[in-house]
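Because the structure is predicted, anything quoted here is derived from the model rather than measured. Keep in mind that the numbers below use all heavy atoms, side chains included, and drop hydrogens, waters and symmetry copies.
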Amino acid sequence: MISTAIIIPIISAFLAAIAGILARILLKDTPAKKMLAINFLVMGATLLVLSPLFYKFLVSWQSITLVILIAIIDTLGNYFYFK
């Protein structure tokens, strides 16, 4: 059974990818460089402040695999954001 500590980051990555794509559609007149910088700054600051409150990272094959999966999802979101 997959725990909520595994499901939440995966759902978060999907929602961040969708939010990035929708932001690009809604703000089509705004240069991508400005939007991307603000997007990453907000996400990074939020994760930096809130992640230690909710998650404890234990290095294991499962956790490494999940981090790679989340990175792939974010990469695909950014790819489709610019496409």
Side-chain angles (χ1 to χ4, degrees):
M1 181 109 203
I2 298 176
S3 70
T4 55
I6 294 173
I7 293 173
I8 291 173
I10 293 173
I11 291 172
S12 174
F14 276 118
L15 293 177
I18 291 169
I21 293 167
L22 291 176
R24 183 67 186 142
I25 292 169
L26 294 173
L27 301 171
K28 57 186 169 188
D29 296 332
T30 305
K33 286 183 181 180
K34 289 183 181 179
M35 223 171 27
L36 184 66
I38 292 170
N39 185 28
F40 281 120
L41 179 64
V42 169
M43 282 195 300
T46 303
L47 286 171
L48 184 65
V49 171
L50 297 178
S51 288
L53 299 176
F54 296 103
Y55 300 107
K56 179 179 176 184
F57 187 78
L58 299 173
V59 179
S60 68
W61 286 110
Q62 183 182 22
S63 63
I64 293 170
T65 303
L66 290 171
V67 168
I68 291 170
L69 175 64
I70 292 167
I72 290 170
I73 292 169
D74 282 342
T75 301
L76 289 174
N78 286 327
Y79 172 77
F80 288 114
Y81 173 80
F82 288 110
K83 184 150 172 90

Thr65 (side chain) donor-acceptor with Trp61 (main chain) under 3.5 angstrom | yes
Kindly work out whether a path of hydrophobic side-chain contacts (I/L/V/M/F/W/Y, heavy atoms less than 4.5 Å apart) joins Val67 to Leu58.
-> no
Spatial distance of atom CG (Leu15) from atom CD1 (Ile10) [nearest 0.5 Å] = 12.0 Å
What one should report as the nearest heavy-atom pair of Ala17 and Gly77 is CB-CA, 3.7 Å
Interatomic distance, OG1@Thr75 vs CD1@Ile68, rounded to 0.5 Å, equals 11.5 Å
Cluster check Phe80, Ile25: I/L/V/M/F/W/Y, side chain < 4.5 angstrom = yes
Shortest non-hydrogen pair, Asp74 vs Ala13, comes out as OD1-O, 3.7 Å
Indicate yes or no: at least one non-hydrogen side-chain atom of Ser63 is less than 4.5 angstrom from one of Leu66.
-> no
